[in-house]
Enquirer: 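Following this message is one structure expressed as structure tokens.
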Protein chains: 2
Amino acid sequence: MESLDRRHVRAPRVTAAMVAARAGVSTATVSLVANGKTQGRVSDDNISRVRTAISELGYVVDSIGSSLARGVSSIVILVTPDVSNPFFANVIAGVRESLGAEYQLLLSVTDAGESPQASDVRKLLALRPAGLLVGAPSAGFLEDLSAAAPLVLLDAPGLESFAPSVNLDVAQGARELARHLASSGHTRAAYVDGITGTATFQLRREAFLEEAASLGLVVSQEHIIRTAIDVGAAAAAFAAAWPGWQREGVTAVVCGTDTHAYGMLQEARVEGVRIPEELAVAGFDDLPYSATSNPSLTSVHLPATPLGRKAGEQLRGLMEGRELSEPHVTLESSLVVRGSTVSS
Amino acid sequence: MESLDRRHVRAPRVTAAMVAARAGVSTATVSLVANGKTQGRVSDDNISRVRTAISELGYVVDSIGSSLARGVSSIVILVTPDVSNPFFANVIAGVRESLGAEYQLLLSVTDAGESPQASDVRKLLALRPAGLLVGAPSAGFLEDLSAAAPLVLLDAPGLESFAPSVNLDVAQGARELARHLASSGHTRAAYVDGITGTATFQLRREAFLEEAASLGLVVSQEHIIRTAIDVGAAAAAFAAAWPGWQREGVTAVVCGTDTHAYGMLQEARVEGVRIPEELAVAGFDDLPYSATSNPSLTSVHLPATPLGRKAGEQLRGLMEGRELSEPHVTLESSLVVRGSTVSS
DNA sequence: CTGAAAGCGCTTACAG
DNA sequence: CTGAAAGCGCTTACAG
């Protein structure tokens with residue numbers, strides 16, 4: 001109990017004024033030393049007195065005061081509609097890696113895959129972020145943002161005009177997938193899309209459908225369904241759709257994400273549908289679990305960690321005022337064929 | 001190109017002074033209205049003039065200025081050593097849900113499952129967080145934090161003396177798992193632990209080992225191995241350990257996380273080890289993919305979203321100065337038996 | 001009910 | 001090389 005109460009007793013904050021007093025200098029000098037801007041501006045003697053005082057007192061520059069004075073904080077905001085997808089965890093890891101310790105990563109998550117609103121944007125900007133990383137945005141959303149802070153887009157195909165971007169070439173993998181299914185003898189397929197109108201989902205779907213059509217793999221309109229990115233929701237959607245698919249000769253289903261595909265696999269097992277014999281299943285993302293699912297899942301591999309890492313690097317360049325040598329980067333995707341489309 | 005350049009031209013910030021000028025009042029009045037503290041302090045007339053000016057100008061209270069004046073920001077920092085685990089994505093979702101829109105969630109991720117250092121702590125506190133959510137911390141780490149801001153611990157068994165906490169009763173599920181394996185006829189098991197000395201992992205291991213020992217299920221010291229929480233690392237560990245296990249009669253392996261278990265399943269398949277006939281495999285977490293893995297994975301189910309949600313609620317209570325009616329909450333775990341331990 | 005003023009902690013021209 | 005001072009945008013006693 002005693003220790004519980006301690007949290008009400010805030011330790012007094014160590015300020016630059018306290019350091020200055022101890023070192024016998026002005027706060028201006030403390031600021032210069034604390035920020036490493038001493039070059040030709042502070043005497044060696046003062047540098048060392050201030051450093052000593054800083055470590056004796058345990059002084060850390062207050063970010064709030066600093067941000068107000070500078071006009072910008074050290075916060076980088078990652079805006080994304082989709083935390084629940086494990087793909088995301090790897091993107092975060094990549095961002096953290098390249099951003100380093102100077103910047104703090106703030107997560108802005110919108111509800112249930114919704115696109116963020118203008119009012120959300122204002123609140124975010126009120127934090128005076130050093131930079132913004134925006135995943136899978138809509139064009140309208142970007143209008144306001146691009147003027148406000150250094151900005152890098154992740155997975156935002158078609159929006160290159162707004163800001164530097166790191167994209168995934170999902171179309172390439174989608175076409176590979178269509179060829180794989182067509183050459184495996186399928187002639188009728190279904191498609192399970194996400195419910196967010198995210199550009200990457202559209203691209204995945206369109207590239208697949210186009211290549212499929214050119215190969216005589218038919219995906220009729222009523223065999224394109226949509227569900228949230230959620231194993232359970234996808235499973236329920238499969239249960240509802242399967243009788244029709246079966247009756248109408250669908251022998252393959254492509255899912256916008258592996259998570260959707262897991263739902264297919266799960267429900268197919270419940271209903272005794274044999275995969276891949278009766279139905280071939282494939283997804284996008286190639287999540288770590290796709291290698292161990294039952295059956296293992298054919299998927300278009302997307303490099304999540306490199307995506308985050310590269311976006312972080314680019315943003316860092318912008319924040320530090322560097323010119324980006326390559327403002328738009330595209331990372332490759334490729335098909336990984338596994339048991340869910342090929343019987344072993 | 002033209003739009004790319006726009007990001008250098010920052011739109012001028014709308015300040016309280018601009019709103020005040022437009023509404024013909026002082027900035028003090030603007031502040032009162034913007035923060036909804038008008039009760040008996042601002043005339044209806046002024047309230048509406050200010051509101052009008054705010055919406056006409058699109059004014060948003062600057063969080064930096066506000067935080068400096070108040071002495072605290074609206075940022076809630078979530079400190080956790082383990083973003084890569086998908087379990088984490090659900091914890092975040094739960095936190096976001098209960099925290100609402102007033103607070104911004106900042107993610108502090110340490111490298112590769114390391115425990116955060118004292119210097120990291122100071123940097124975090126320099127942001128003047130409104131509250132702190134700390135997952136799976138070490139005791140030393142908490143010493144400094146508990147005095148600095150409202151704090152709630154997640155998954156921090158044994159550290160209840162530092163702060164209010166939300167824990168998972170992993171021991172219960174661990175014991176259930178031991179009973180399940182013993183009653184299935186296993187007499188020798190291996191254990192795959194994480195490499196972070198996280199308390200929950202220790203608890204999982206100890207509860208399992210203790211119950212196993214009491215039931216005659218032997219886990220000898222050399223059959224306890226450790227790897228990072230990573231499918232690939234776990235797979236490699238399995239490859240190295242399996243010959244010994246097989247020789248020494250191990251017929252079951254329990255993994256500290258499902259992610260470890262996926263590695264076992266993956267490598268077992270590569271090596272042609274039949275699961276569960278030759279080796280039963282089980283994990284902790286019950287990630288969404290455990291239901292669809294091959295074979296599906298027996299796992300101790302841990303409620304990730306409720307964990308985050310409850311922790312957010314508790315923290316909110318603290319930040320708003322409420323007394324917590326129940327400072328320490330424990331959520332239940334339970335065993336979910338699937339194909340990886342029971343042949344179907 | 002209202003506003004002038006102090007203060008939050010820092011950074012940065014500026015004058016010396 | 002150094003420090004006094006202004007200023008970042010806001011909130012909050014305080015006096016009226």
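Side-chain atoms are counted along with the backbone in the values below, which use heavy atoms only and exclude waters and symmetry mates. Proteins get letters first, then strands, A, B, ... in listed order; numbering begins at 1 in each.
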Enquirer: Quick check on C:dC1: is either OP1 or OP2 less than 4.0 Å from any side-chain nitrogen or oxygen of B:Asn46?
Expert: no
Enquirer: How many angstroms lie between OG in B:Ser74 and CZ in B:Arg128, if you round to the nearest 0.5 Å?
Expert: 13.5 Å
Enquirer: Taking CD from B:Gln39 and P from C:dC1, how many angstroms apart are they, rounded to a whole number?
Expert: 9 Å
Enquirer: Determine the contact category for A:Arg70: base if any of its heavy atoms lies under 4.0 Å from a base atom, sugar-phosphate if only primed atoms, P, OP1 or OP2 are that close, otherwise nothing.
Expert: sugar-phosphate
Enquirer: If you check every side-chain atom of B:Arg41, which of C:dC10, D:dC10, C:dT2 has the closest atom?
Expert: C:dT2
Enquirer: Applying salt bridge (Lys or Arg N to Asp or Glu O under 4.0 Å) between B:Glu97 and each of B:Lys310, B:Arg316, B:Arg309, report the one that passes.
Expert: B:Arg309
Enquirer: Go through the side-chain N and O atoms of A:Arg70 and A:Asn35 and say whether any donor and acceptor fall under 3.5 Å apart.
Expert: yes
Enquirer: Are any non-hydrogen side-chain atoms of B:Thr330 and B:Leu168 less than 4.5 angstrom apart?
Expert: no
Enquirer: Identify which nucleotide among C:dC10, D:dC10, D:dT2 has an atom closest to any side-chain atom of A:Ser43, counting heavy atoms from C-beta outward.
Expert: D:dT2
Enquirer: Are side-chain heavy atoms of B:Val134 and B:Thr80 found at a separation under 4.5 Å?
Expert: no
Enquirer: Need to verify one output field. Residue with the more 5' nearest nucleotide on DNA chain C, A:Ser31 or B:Asp44?
Expert: B:Asp44
Enquirer: How long is the line joining NZ of A:Lys37 and C1' of C:dC10, in whole Å?
Expert: 11 Å
Enquirer: Taking only the side-chain heavy atoms of A:Leu68 (C-beta and beyond), determine which of D:dG3, C:dG3, D:dG9 contains the nearest atom.
Expert: D:dG9
Enquirer: Donor-acceptor pair, A:Arg49 side chain versus A:Ala23 backbone, under 3.5 Å?
Expert: yes
Enquirer: Of the nucleotides D:dC8, D:dG3, C:dC8, which has the atom closest to the A:Arg128 side chain?
Expert: D:dC8
Enquirer: Let me know the distance between CE of B:Met18 and C1' of D:dC8, rounded to the nearest Å.
Expert: 15 Å
Enquirer: Reckon B:Val30 touches a base, only the sugar-phosphate, or nothing at all at heavy-atom distances under 4.0 Å?
Expert: nothing
Enquirer: Looking across every strand, which nucleic acid part, if any, lies under 4.0 Å from A:Ala28 by heavy atom: base, sugar-phosphate, or nothing?
Expert: base
Enquirer: Please tell me if B:Ser66 has a side-chain N or O lying less than 4.0 Å from either OP1 or OP2 of D:dC10.
Expert: no
Enquirer: Using Watson-Crick and G-U wobble pairs whose two distances are both under 3.5 Å, how do you write the pairing of DNA chain C as dot-bracket, with | for links to another strand?
Expert: |||.||||||||.|||
Enquirer: Check whether B:Ser63 reaches the backbone of A:Ala126 with its side chain - one donor and one acceptor, N or O, closer than 3.5 Å.
Expert: yes
Enquirer: Both A:Leu32 and A:Ile64 contact DNA chain C. Taking the nearest nucleotide for each, which residue is further toward the 5' end?
Expert: A:Ile64
Enquirer: By nearest atom, which of the nucleotides C:dT11, D:dT2, D:dT12 is closest to the A:Asn35 side chain?
Expert: C:dT11
Enquirer: Check the distance between C:dG9's P and A:Asp62's CG and give it to me in whole angstrom.
Expert: 7 Å
Enquirer: Is the phosphate of D:dG3, meaning OP1 or OP2, less than 4.0 Å from a side-chain N or O of A:Thr27?
Expert: no
